[in-house]
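Below: one structure, written as structure tokens.
One-based numbering along the sequence shown.
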Amino acid sequence: MSDFILNVSDLVKRFGGLTAVRHVNLDIPRGAIASLIGPNGAGKTTFFNCVTGFYKPEEGSIRFQGQEIARLSTDQIARRGIARTYQNIRLFGDMTALENVLVGMHSRLNAGVWRAILGLDRGEERRAIERGMELLDYVGLPDQADWLAANLPYGMQRRLEIARALASDPSLLLLDEPTAGMNPIETDKMMGFIRRMRDELGLTIFLIEHDMKLVMTISDQVSVMDYGEKIAQGTPKQVQSNQRVIEAYLGTEIETSLAEERGA
């Protein structure tokens with residue numbers, strides 16, 4: 001088995017005359033916590049959207065577990081073992097926390113989630129609810145199963161979105177800015193939780209994040225994009241000292257954070 005769970009080769013994504021992703025090559029080691037960083041507009045989320053099937057690239061290859069997925073649908077990719085969260089939370093606000101998690105199981109339920117919820121397959125409904133409750137407990141929401149998602153505090157909504165992603169039983173979990181909007185205490189807790197998911201569930205985790213302290217603390221590998229190109233990749237220490245990365249972030253908050261990390 002390859003040491004890499006994801007291999008992206010020469011990936012190109014265009015929107016009209018704009019090339020959002022330019023011939024990017026990026027490999028994610030199996031079992032790693034890998035981060036993708038870069039200034040706003042660098043192409044990071046577009047890259048995620050290509051990996052998860054929301055966008056179809058014009059050129060290049062995306063291989064997951066050795067199989068080409070670049071032209072597959074989002075559902076097909078999810079069934080193969082890739083799940084994600086979003087920069088802007090996309091929960092069903094008028095559904096309960098448990099129902100949101102059950103929706104995340106749709107690619108794994110033989111009868112389909114709605115048939116299960118409606119009781120057309122009692123055995124599968126029972127198993128799905130049990131699994132949903134286990135996932136809510138795992139992300140720290142054991143008492144919120146009946147809460148409407150819209151009524152959950154922001155940090156809980158972030159965790160619920162992760163529970164929904166875990167419901168599809170992924171091997172690779174993509175997190176798009178998982179600590180956006182969090183205070184330092186919440187960010188530290190999320191950092192520990194990301195490590196737990198990798199260590200306890202055996203996941204490979206690939207995240208986009210602007211919090212450089214988090215990135216440089218938990219990442220095994222850091223890749224950097226700027227203007228649609230990958231400009232650097234390596235360990236946190238290697239990336240921090242990369243002159244091209246420093247120049248790309250010159251005058252920005254991220255560059256300042258990198259400088260503080262180097263001096264810490």
Heavy-atom pair of closest approach, residues I62 and C50 = CD1-O, 3.5 Å
When rounded to the nearest 0.5 Å, the distance separating OG1 of T179 from CG of D211 is 5.0 Å
With a 4.0 Å cut-off, would you call D226 and K44 a salt bridge?
-> no
Hey, are Q221 and T235 close enough side-chain-wise for a donor-acceptor pair under 3.5 Å?
-> no
Spell out, as yes or no, whether a donor-acceptor pair under 3.5 Å connects the side chain of S219 to the backbone of M216.
-> no
From CG (D188) to CG (L214), nearest 0.5 Å = 8.5 Å
Rounded distance (nearest 0.5 Å) linking atom CG of L148 with atom CZ of F92 = 14.0 Å
Worked verdict on F47 versus L36 for side-chain contact (heavy atoms from CB on, under 4.5 Å) | CA-CA 10 Å; F47 183 87; L36 181 61; 4.1 Å; yes
Could you walk me through whether L160 and L141 pass the side-chain contact (heavy atoms from CB on, under 4.5 Å) test, one step at a time?
-> CA-CA 8 Å; L160 176 57; L141 303 176; 3.9 Å; yes
I would like to know whether R63 and I69 meet side-chain contact (heavy atoms from CB on, under 4.5 Å); could you show each step before the answer?
-> CA-CA 6 Å; R63 298 182 69 83; I69 63 169; over 6 Å; no
Between CD1 of I82 and CG of L6, what distance do you get to the nearest 0.5 Å?
-> 6.0 Å
Is a salt bridge present between R14 and E59, judged by a nitrogen-to-oxygen distance below 4.0 Å?
-> yes
Selection residues 218-246 - residue pairs positive for ring-ring contact (aromatic ring centres under 6.0 Å, His included), sequence neighbours left out = none
Mark yes when over 12 heavy atoms from residues, nucleotides or ligands other than K237 sit less than 6.0 Å from its NZ; otherwise mark no.
-> no
Pick out which of T217, V239, I37, V222 makes a side-chain contact (heavy atoms from CB on, under 4.5 Å) with M212.
-> I37
Does the pair R84 and F206 meet the rule for a side-chain contact (heavy atoms from CB on, under 4.5 Å), with working shown?
-> CA-CA 9 Å; R84 72 171 296 180; F206 187 25; over 6 Å; no
Show which residues join F54 in its hydrophobic cluster (side-chain heavy-atom contacts under 4.5 Å, direct or indirect), or state none.
-> Y86
N-O pairing of E161 and R90 below 4.0 Å = no
Does a sphere of radius 6.0 Å around CG in L18 hold more than 12 heavy atoms from other residues, nucleotides or ligands, not counting ones at 6.0 Å or beyond?
-> yes
Hey, are S9 and S61 close enough side-chain-wise for a donor-acceptor pair under 3.5 Å?
-> no
N/O donor-acceptor pair under 3.5 Å between N242 side chain and Q238 backbone | no
In Å and rounded to the nearest 0.5 Å, what is the CG to CD1 distance from L207 to I218?
-> 5.5 Å
Would you call K189-E186 a salt bridge at under 4.0 Å N-O?
-> no
Please confirm whether R80 makes a cation-pi placement over F64, using NZ or CZ under 6.0 Å from the six-membered ring centre and within 45° of the ring normal.
-> no
Which atom of I208 lies closest to which atom of P178, heavy atoms considered | O-CD, 3.5 Å
Nearest 0.5 Å please: distance from the CG atom of D199 over to the CG atom of L201.
-> 9.5 Å
Could you verify whether a donor N or O on one side chain and an acceptor N or O on the other, from R71 and Q76, lie under 3.5 Å apart?
-> no
Is there a donor-acceptor pair closer than 3.5 Å between any side-chain N or O of D220 and the backbone N or O of A32?
-> no
Which residue pairs satisfy the ring-ring contact (aromatic ring centres under 6.0 Å, His included) criterion with at least one member in residues 15-42, sequence neighbours excluded?
-> F15-Y55
So, are R158 and E177 salt-bridged, with charged N and O less than 4.0 Å apart?
-> no
Exercise: identify the closest heavy-atom pair between T85 and A165 = CG2-CB, 4.3 Å
